[in-house]
Amino acid sequence: MVFSSLDFLYAFLSLFLLAYCLCWTQKAQNLVMLAFSLMFYAWGEPKYVLLLMFMAFVSWYCARRVEMAPSKNRKKLWMGAAVVIELALIGYFKYAGMICGIFGPVPEFVRNIALPIGISFYTFQLLTYVVDVYREEAPVQKSYLNVLLYAALFHQCIAGPIVRYKTIDRELFSGEPRTPELAKGVSRFSTGLAKKVLLANPCGALAETMILADAVAADPSRLAESIQQLSSQSVLGAWLGVIAYSLHIYLDFSAYSDMAIGMGQMLGLHYLENFNYPYISRSVTEFWRRWHMSLGTFFRDYVYIPLGGNRGSRIRVFFNTLVVWLLTGLWHGASWNFLVWGLWLFAFLMLERYFLKRWLPKIPVVSNLYLLFVICLGWVFFRFTQMDVGLTLIKSLFGANGNPLSDFAAEVQLQSHSYLLIVCVIACTPFVRNVKQWMEKRVSAWHGLNVAWNVVVYSVIPVILLLLSTANLVGDSYNPFIYFQF
Amino acid sequence: MSDFNQENKNREPSGRYAIPFFVVLAVITVISFIIPLRPTRSNSEKRDLAKFPEFSLAALASGDYFDDISLWFSDTFPGREQWISVASYSESFYGYSDVMIEGELQISETVPVPPAPARPQERPTAPPQDPTDPVTDPTDPEPTETEPTEPEPTETEPTEPEPTEWGGVDAGDSAEILRTATAIQIGDAVFCAQGFSQHCSDQYTKVVNDFYLAVQDTGVVVISAPAPTAVGILIEEENLAKLGSVSQVDMINYMHGGMYEEIVTVDTASALIPHNNEYIYFRTDHHWTALGAYYSYAAVCEAIGMEPVDIDSLEVWNQGTFKGSLYGRASRPHTLTPDTVDAYWPIGDIKHYRYTAEMICSEIPVLADMTQREANAKYLVFGTDNPLAHLQNDSLPDAPNILVIKDSFGNSFAPFLTQNFHNVYSVDYRKFRSIPLDQFVVDYDIDYVLFMPYVTATQSIDGYQLLRNLCRVW
């Protein structure tokens with residue numbers, strides 16, 4: 001089940017909100033959240049709900065032992081045990097095929113291992129919990145069900161953001177009444193829903209038209225066909241496809257975070273932001289501070305800094321950064337193309353750190369274009385698990401396959417999606433937010449105007465977005481969430 | 001602050017503003033659980049909607065059971081057609097192009113120069129046998145040696161034709177082509193791209209040639225007049241390549257170029273192009289209109305030295321607004337101009353029979369009344385795709401007989417032939433297997449055999465294989 005589906009909106013969410021409203025105590029509300037969260041997870045992965053429960057148990061138990069351990073070494077041992085078990089499990093379910101592939105043909109049973117939905121997200125959440133307890137940055141949770149709720153909470157369990165335990169502990173388990181922000185939550189949720197359904201989905205469909213459907217591109221038996229199709233794609237068509245995919249991946253993922261954050265706000269839970277308009281960045285360094293911030297923060301706090309961070313020799317810093325980017329690439333998928341994508345970004349990060357850092361801020365538009373160019377090419381590596389297909393597309397982007405500059409199909413697709421692309425580009429910038437804030441400042445002085453403004457922003461627009469999204473979800477066959485695969 | 005909905009903490013809007021959202025959510029939730037409101041069939045997509053899944057432990061464990069419930073929930077959502085209309089309308093704001101493409105445009109083969117006509121005894125350039133083709137069709141009945149008898153009409157009540165697919169096209173034949181062909185919406189009309197296949201064209205030529213050889217001793221006149229599709233007639237030739245299509249004049253001439261000189265070939269595309277500013281093709285359907293069929297009929301008559309009936313002398317019967325086979329393939333269906341179906345009453349004392357695959361006969365109206373039927377059924381005014389249909393004009397008892405080998409394009413075409421022929425037998429090459437065709441020619445005293453598959457069928461392996469199996473030539 002995905003947030004942007006009719007069964008989620010008009011069955012799961014409605015029933016959850018009804019059940020939640022009928023509970024008066026936080027304990028009962030948490031039980032409802034846990035029951036619905038497990039149901040949500042089981043809907044997509046009936047058997048792997050047991051894996052989720054086991055991993056939560058490991059973290060809960062080890063964290064308890066960390067707290068009770070009499071010595072620092074013992075604490076480290078229990079923390080290490082949790083980390084090893086959790087990483088071994090994610091290694092088995094996510095990377096076994098890739099690792100076996102290094103040494104030869106992948107055995108049948110390994111090929112049959114299905115990736116549990118959201119394992120990369122909830123594993124990292126559970127790791128932060130144990131490590132933070134070890135570091136004494138977070139209190140230990142005595143109730144297993146509460147740790148399970150933290151890991152399984154349907155808002156963020158399967159596609160993030162990666163919420164650290166200490167961020168949410170007080171709001172989730174303090175026993176104090178939560179203060180829901182219904183209007184803001186509804187506005188944020190409906191914005192995310194519309195961003196996903198009305199903007200991201202058509203961009204994704206356009207990308208599939210221009211630079212192959214995912215299923216085709218990933219199918220080794222259709223490699224020759226994929227290469228033939230991409231090598232004959234015009235330069236305009238190739239760029240249109242790559243730009244549509246770049247818009248899709250941002251709008252899709254950030255929309256999911258918007259919906260998660262919005263649903264949290266409806267209940268009085270505040271998750272940290274996950275995106276900060278990454279495409280307006282002027283460098284890859286800045287981009288990664290704005291993109292999937294919860295993942296960046298995780299690697300910074302739990303990998304980069306423990307390795308030594310910026311301290312130490314140039315070579316040491318280089319090594320620390322390399323490790324982070326290799327892991328970042330691999331986190332996104334057990335495939336070599338993700339490793340190449342991580343290395344691609346790492347190369348530009350190093351280039352910026354040692355050469356371009358001084359120049360990029362001084363040339364705003366050029367630095368924006370540089371960033372977009374690097375990121376868009378990076379998404380080509382990211383998208384195509386078959387490297388030959390990705391490299392063919394890169395050649396087509398520059399006409400190196402002998403492909404034409406433009407063709408009728410590309411021109412038609414550009415024209416018939418032109419307004420959509422413009423709106424999507426605007427949605428990637430803070431333009432709407434700035435206009436909203438500017439308006440709020442103007443209307444706040446007049447009570448009547450302020451009320452009218454709030455009615456429009458928090459009552460009318462969310463309803464319109466909900467209805468339009470519903471209309472587009474009915475009978476829509478293209479509705480994947482990219483980040484589900486991670 | 002990182003997103004456009006991020007608020008200033010000091011100004012908390014009241015939760016009351018969220019009430020409309022929750023009310024709408026609750027109302028739609030309640031409606032979505034009223035099972036009788038859930039549709040079971042989609043007219044716009046031409047398919048049965050998902051059914052609630054059967055429970056099984058295996059499906060539960062694999063997750064398929066829940067996936068299927070989700071599919072059922074969204075696929076049969078109450079008010080589905082209305083929601084889709086709203087979505088379609090909102091999609092019209094994506095861009096400004098008058099042309100929209102659903103699917104990928106393929107680059108068509110170019111049409112070679114037509115080969116010189118051959119003499120039957122020469123047969124110099126027989127195209128190579130397709131190694132993938134079955135040599136025999138195991139489902140074909142063996143030719144019988146029993147004396148043919150004219151089937152007597154049974155007294156069963158003729159039933160109203162049922163729309164088994166849009167525009168009367170049955171699933172399993174061209175419906176599949178319609179679902180998979182690249183659909184191009186240009187302005188208020190939809191077209192299917194139509195490429196060229198030299199291999200398939202050669203095979204079509206071979207089928208007609210071989211059939212001629214099989215029946216030449218009977219003195220029957222064999223005619224080939226493939227029915228062109230809209231893209232080849234309404235789109236200017238210089239724009240066809242952009243649409244992954246080729247000139248259908250060239251295509252038909254290529255196929256006819258390799259036919260024996262004794263076979264009468266009719267370039268229907270050239271006959272229709274001068275009329276392409278008239279309403280000769282539907283905008284929402286892959287068929288020609290009855291007017292388009294008439295111009296082709298006139299071209300066939302001219303080719304065999306007959307006088308076509310004056311269309312103005314025929315009474316027109318309008319069936320009302322028509323949404324055809326391509327309506328559901330359009331990128332922006334709401335921008336299509338609705339079609340209307342006109343049928344022409346042929347003059348004379350005409351009877352119309354249809355036959356099942358078992359040759360059970362029943363009499364049906366010459367034209368079926370579809371005026372009160374749903375918008376997708378209007379083309380059935382010309383009847384459904386029966387294995388064999390027979391139009392008999394008793395006002396012309398001395399006129400010759402004709403056998404038409406056709407698909408659904410022939411349904412609107414056949415009634416015009418009654419103005420020149422006593423018996424018009426229409427065999428659907430996708431369905432008829434009751435009598436070997438060369439035997440049919442003899443048994444039913446056929447004077448003319450007209451091959452009229454639509455061009456798309458001649459360019460597909462399935463199409464020419466069906467024709468070949470029907471004609472039992474290979």
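A note on names: the letters A, B, ... follow the listed sequences, proteins ahead of strands, and every chain is numbered from 1. As the structure is a computational prediction, the values presented were derived from the model and not from experiment.
- Put simply, of M266(A), R290(A), K47(A), H417(A), the one with the most heavy-atom pairs under 4.5 Å next to chain B is H417(A).
- Looking at L198(A), only its backbone comes within 4.5 Å of chain B, counting heavy atoms on both sides.
- Listed by chain and residue number, D64(B) satisfy the side chain to side chain donor-acceptor pair (under 3.5 Å) test with S62(B) (two or more places apart in sequence, or in another chain).
- For an aromatic pair to be called close, the ring centres must be under 6.0 Å apart, and Y10(A) with F73(B) fails this.
- Looking at S70(B), both its backbone and its side chain come within 4.5 Å of chain A, counting heavy atoms on both sides.
- Contacts between E91(B) and chain A at a heavy-atom distance below 4.5 Å involve the side chain alone, from C-beta outward.
- Ranked by heavy-atom pairs under 4.5 Å with chain A, the first of F22(B), Y65(B), F66(B) is F66(B).
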(message) side-chain contact (heavy atoms from CB on, under 4.5 Å), that's the test. Do S90(B) and N472(A) meet it? Break it down for me.
(response) CA-CA 9 Å; S90(B) 71; N472(A) 279 271; 3.5 Å; yes
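- Residue R16(B) places its CZ atom among 12 or fewer non-hydrogen atoms of other residues, nucleotides or ligands, all under 6.0 Å distant.
- Distance CG/L71(B) to CG/L6(A): 11.0 Å, rounded to 0.5 Å.
- Between chain B and the options L17(A), V435(A), L420(A), heavy-atom pairs under 4.5 Å are most frequent for L420(A).
- For the options L465(A), N454(A), V463(A), heavy-atom pairs under 4.5 Å to chain B are most numerous at N454(A).
- Only the backbone of L60(B) comes within less than 4.5 Å of a heavy atom of chain A; no side-chain atom from C-beta onward does.
- Heavy atoms of V423(A) lying under 4.5 Å from chain B are absent altogether.
- F189(A) and F21(B) have perpendicular rings, their planes meeting at more than 60° on a 0 to 90° scale where under 30° would count as parallel.
- With a 4.5 angstrom heavy-atom cutoff, F33(B) touches chain A only via side-chain atoms.
- Other residues, nucleotides and ligands place more than 12 heavy atoms under 6.0 Å from the CZ atom of F52(B).
- Residue contact with chain A, scored on non-hydrogen atoms closer than 4.5 Å, involves the backbone of S14(B) exclusively.
- For E225(A), the salt bridge (charged side-chain N to carboxylate O under 4.0 Å, His left out) test picks out R222(A), with sequence neighbours left out.
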(request) Go through the steps for W43(A) and I69(B) under the test side-chain contact (heavy atoms from CB on, under 4.5 Å), then give the verdict. (result) CA-CA 10 Å; W43(A) 197 267; I69(B) 292 178; 3.9 Å; yes
